Enquirer: 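Below is the structure I would like to discuss, written out as structure tokens.
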2 protein chains.
Amino acid sequence: MSTSEAASSPHSRVTIAQVARRAGVSPTTVSHVLSGKRAVGAATRGTVMEAIRELGYRPNIVARNLRTRRSHMIAVVVPDITNPFYAVLTRGLADAVDAAGHGTYVCNTDGQHERERKFFQDAMDRGVDGVVFASGETASQITFGEVDQQTPIVCIGDQLDHPLCDAVIPDDETGSRAAGSFLASRGYERIAMIQGPPHYGAARTAGFRSAMQAAKRKVPAERMVRGDWTRKGGYEAMKALMALDARPDAVFCANDMMAIGALDVAHELGLSVPEDVAVVGFDDVDAATIVTPHLTTVRNPAYEAGGTAGDLLMSRMSGRYTGTGRTVVLPCPLIERGTA
Amino acid sequence: MSTSEAASSPHSRVTIAQVARRAGVSPTTVSHVLSGKRAVGAATRGTVMEAIRELGYRPNIVARNLRTRRSHMIAVVVPDITNPFYAVLTRGLADAVDAAGHGTYVCNTDGQHERERKFFQDAMDRGVDGVVFASGETASQITFGEVDQQTPIVCIGDQLDHPLCDAVIPDDETGSRAAGSFLASRGYERIAMIQGPPHYGAARTAGFRSAMQAAKRKVPAERMVRGDWTRKGGYEAMKALMALDARPDAVFCANDMMAIGALDVAHELGLSVPEDVAVVGFDDVDAATIVTPHLTTVRNPAYEAGGTAGDLLMSRMSGRYTGTGRTVVLPCPLIERGTA
DNA sequence: ACCCTGAGGCAAAACGATTTGATGGGGTGG
DNA sequence: CCACCCCATCAAATCGTTTTGCCTCAGGGT
């Protein structure tokens with residue numbers, strides 16, 4: 001009894017050949033009714049469909065991938081999925097490509113170059129159809145090695161030199177300029193900035209500087225300090241700032257987590273925000289509206305970035321676009337809330 | 001600097017056959033030096049390695065997967081990767097299985113049954129080596145259909161009836177009891193609870209009730225309200241609670257986001273926490289230490305849950321364990337902070 | 001001398017699909 | 001009635017590995 005029916009064949013999956021035999025046709029025909037790549041007679045199609053249903057046939061995707069050289073899988077390599085920014089970005093990507101039947105393979109690099117390389121290689125070996133690279137600002141040639149000319153890559157937040165990979169970059173500079181101008185227009189005089197670590201977040205620093213210059217605010221070196229993107233780093237940087245002789249009356253932070261650390265200091269010192277000191281962040285993570293008062297910040301469009309990355313990828317995968325690397329820049333609007 | 005051989009094959013990848021030809025051996029031998037499944041002479045091995053290096057050979061993983069019926073890929077299906085709890089869980093899983101060379105394929109279901117099924121099917125079709133299911137509390141038989149007896153499944157937060165799939169469940173009940181007892185021991189009298197939606201989070205409610213009974217606190221029905229896990233839901237539930245004639249002096253919330261919503265209400269009403277009203281949450285998300293005062297809560301060990309899920313999976317995949325479904329329960333310790 | 005064993009290697013058969021070239025059959029127009 | 005073309009179908013090759021069975025050659029024990 002076990003040979004004849006579907007449910008009774010316990011562990012080996014049904015193959016296309018079995019369906020074909022059952023329907024009294026060749027495997028080719030079954031394949032064609034499934035893919036629709038060639039016409040199949042209505043009667044035959046019916047018989048085949050019937051057989052498929054009866055046997056509970058499910059195509060073996062691995063075999064299909066081998067033959068077609070498409071995996072319908074996209075790798076996204078990020079520093080840490082635990083970081084809300086990257087989680088949202090990943091979700092944006094997933095939503096964008098899901099409809100087309102693509103899965104997303106997530107790689108956490110912790111920002112380590114070694115792991116970035118390893119995962120990139122791994123993704124290539126696995127035959128993913130595309131990779132979106134959002135880890136590290138230095139999407140160097142070295143990371144990718146000799147890029148397989150076939151599989152598209154899109155870098156988020158950085159522009160790779162390679163002509164065949166697209167880039168989506170949030171407009172950090174304009175956003176930061178807006179933040180700076182806003183603070184100046186509010187009448188703050190001694191405006192400081194907590195930057196990212198050396199070699200990181202250069203655009204945010206540049207935008208801020210440009211705004212200060214336009215507003216005729218001097219920014220002495222001691223008012224430009226650095227943090228390591230974390231809450232703790234922001235806390236320490238703010239501490240240093242508040243110990244200055246000419247205490248800043250406003251602080252622009254290169255990301256929200258550091259801004260939250262800065263607010264910790266303000267609370268600790270009994271300073272009221274924004275009266276005694278204003279704070280502006282960058283990213284607009286969820287936590288920005290959890291802290292009190294709600295954080296004024298610049299929105300970093302993570303979800304949209306992931307989405308457009310997916311679109312760029314798919315336009316190349318489908319062959320709809322072939323050509324030199326495109327760059328789409330996303331606006332980063334200022335969001336006024338309670339801290340400035 | 002580029003190797004002349006590797007670069008000369010412009011777009012088609014090097015196959016094992018080419019390596020074999022170059023080394024003057026058969027593909028079989030190359031495979032054996034790679035896998036070590038059979039002994040290979042030292043000299044031959046040297047020649048082969050050399051050829052591999054020169055040609056820049058990388059094995060085609062898809063082909064390997066087809067033959068070996070292993071994909072070294074694990075699917076994790078969660079409601080939403082954007083939710084910090086699941087992000088952390090996913091990271092725990094990824095870290096656990098990465099060392100063994102397994103990738104993680106993330107599926108967002110938004111809690112919709114339909115998507116849960118679809119992704120589960122999809123994962124199976126793709127030939128993943130295992131799936132951890134952390135979406136929905138109702139990991140029903142229906143979701144899985146007739147489970148392929150081959151590929152292991154582990155459910156997080158729920159115990160599936162199926163005997164062959166393992167479960168890791170955070171001990172919600174004990175944790176909630178601890179929270180309840182704690183509030184009682186602090187002398188709060190009119191203790192309320194904001195539960196999850198109907199049919200969800202039953203264990204948390206049960207633990208709380210048990211604690212109330214042990215502490216001889218009556219909990220009238222109007223003090224047991226429901227939210228939908230969100231901040232907004234918590235806000236509204238808390239509003240209702242605070243409008244009661246006998247206003248509660250302590251509120252246990254079934255998760256942190258609702259607790260944060262509850263705190264919003266307290267602030268809005270000018271009530272001081274914990275003097276006027278105490279609040280305790282559940283989960284210990286990052287935001288718990290961002291809100292002021294810091295949230296007293298019960299820790300939900302997301303990272304560990306993901307990790308042990310990975311371990312359970314791997315022990316089955318390797319054949320180290322075969323047998324009926326195991327259940328490991330993880331403790332949820334109370335973390336005292338500022339709101340109670 | 002003979003058997004047995006283990007090491008080292010190869011040819012060929014899977015794995016389960018897709019794709020290509022060929023083939024037969026039926027209609028239509030000349 | 002023939003030429004022609006299109007539709008439906010099939011057999012066989014292909015994708016790039018792994019794995020199985022077999023062969024040969026050496027060496028050691030009896």
Side-chain angles (χ1 to χ4, degrees), chain A residues 9 11-49 51-52 55-73 101 124-127 129 148 150-151, chain B residues 9 11-49 51-52 55-73 101 124-127 129 148 150-151:
Chain A
S9 77
H11 66 205
S12 64
R13 285 181 61 130
V14 183
T15 80
I16 209 175
Q18 299 176 33
V19 173
R21 210 173 317 134
R22 171 97 168 200
V25 299
S26 80
T28 308
T29 305
V30 177
S31 175
H32 283 149
V33 0
L34 253 29
S35 69
K37 275 210 157 50
R38 280 201 195 175
V40 173
T44 319
R45 157 179 294 112
T47 321
V48 170
M49 292 298 247
I52 287 179
L55 264 40
Y57 168 76
R58 306 245 72 206
N60 179 326
I61 299 218
V62 178
R64 170 181 300 169
N65 290 350
L66 175 59
R67 180 63 229 237
T68 62
R69 295 144 161 287
R70 309 226 107 191
S71 61
H72 289 271
M73 194 78 162
M124 285 313 205
D125 292 349
R126 283 192 134 95
D129 290 347
D148 185 346
Q150 309 297 96
T151 76
Chain B
S9 71
H11 66 203
S12 64
R13 285 181 61 131
V14 183
T15 80
I16 211 175
Q18 299 175 35
V19 173
R21 210 173 316 131
R22 170 96 168 202
V25 298
S26 80
T28 308
T29 305
V30 177
S31 176
H32 283 147
V33 1
L34 252 30
S35 69
K37 273 210 159 48
R38 280 201 196 176
V40 173
T44 319
R45 157 179 291 110
T47 322
V48 169
M49 292 299 249
I52 287 180
L55 263 42
Y57 168 75
R58 306 243 74 206
N60 179 326
I61 299 219
V62 178
R64 170 180 302 171
N65 289 351
L66 175 59
R67 181 61 228 233
T68 63
R69 295 142 161 288
R70 309 226 105 191
S71 62
H72 290 269
M73 195 79 161
M124 284 314 204
D125 291 350
R126 283 193 136 95
D129 290 346
D148 184 348
Q150 309 297 96
T151 74

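Fair warning: this is a prediction, and the values are worked out from it, not measured in the lab. In what follows, every heavy atom counts, from backbone to side chain, and hydrogens, waters and symmetry copies are set aside. Protein chains get the first letters and strands the later ones, always in sequence-line order, with residue 1 at the start of each.
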Enquirer: What are the 5'-most and 3'-most nucleotides of DNA chain C lying under 4.0 Å from any heavy atom of chain A?
Expert: C/dG16 to C/dA22

Enquirer: For the pair made of CD in B/Gln18 and P in D/dC15, what is the distance, rounded to whole Å?
Expert: 11 Å

Enquirer: Would you say D/dG16 has OP1 or OP2 under 4.0 Å from some side-chain N or O of B/Thr15?
Expert: no

Enquirer: Residues of residues 33-42 of chain A with any non-hydrogen atom less than 4.0 angstrom from an atom of DNA chain D: list those, numerically ordered, please.
Expert: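 Listed by number, they are A/Arg38, A/Ala39, A/Val40, A/Gly41.
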
Enquirer: At under 4.0 Å between heavy atoms, what does A/Thr28 touch on the DNA or RNA strands: base, sugar-phosphate, or nothing?
Expert: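 Base contact.
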
Enquirer: B/Arg70 CZ to D/dT19 C1': how many Å, rounded?
Expert: 16 Å

Enquirer: Within the 4.0 Å heavy-atom criterion, would you say B/Val62 contacts the bases, only the backbone, or no part of the nucleic acid?
Expert: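 The residue B/Val62 makes no contact with any strand.
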
Enquirer: For A/Ile16 and D/dT14, give me the distance from atom CD1 to atom P, rounded to whole Å.
Expert: 19 Å

Enquirer: Got a sec, which residues hit side-chain contact (heavy atoms from CB on, under 4.5 Å) with A/Asp129, two or more places apart in sequence or on another chain?
Expert: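 A/Asp129 satisfies side-chain contact (heavy atoms from CB on, under 4.5 Å) with A/Arg70, A/Ser71, A/His72, A/His102, A/Met317 only.
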
Enquirer: Angle between the end axes of the helix from C/dA1-D/dT30 to C/dG30-D/dC1, five pairs per end, to the nearest 10 degrees?
Expert: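 End axes: 50° apart.
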
Enquirer: Please enumerate all protein N or O atoms sitting under 3.5 Å from an N or O of nucleotides 24-27 of chain D, with distances to 0.1 Å.
Expert:
none

Enquirer: What is the distance, to the nearest angstrom, from the CZ atom on A/Arg21 to the C1' atom on D/dA11?
Expert: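 Between C1' of D/dA11 and CZ of A/Arg21: 16 Å.
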
Enquirer: Holding to side-chain contact (heavy atoms from CB on, under 4.5 Å), I want the full list of residues that pass it with B/Ala23, two or more places apart in sequence or in another chain.
Expert: B/Val25, B/Thr47, B/Val48, B/Ala51

Enquirer: Among D/dA13, D/dT18, D/dT17, which is the nearest nucleotide to the side chain of B/Ser31?
Expert: D/dT18

Enquirer: How many Å lie between CG on B/Leu66 and P on D/dC15, as a whole number?
Expert: 14 Å

Enquirer: Nearest whole Å is fine: how far is D/dA11 C1' from A/His32 NE2?
Expert: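 Nearest whole value for this atom pair: 13 Å.
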
Enquirer: Over how many whole Å does the gap from A/Arg67 atom CZ to D/dT17 atom P extend?
Expert: 15 Å

Enquirer: For the pair made of CG in A/Asp125 and P in D/dT17, what is the distance, rounded to whole Å?
Expert: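 Taking CG of A/Asp125 and P of D/dT17, I get 10 Å after rounding.
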
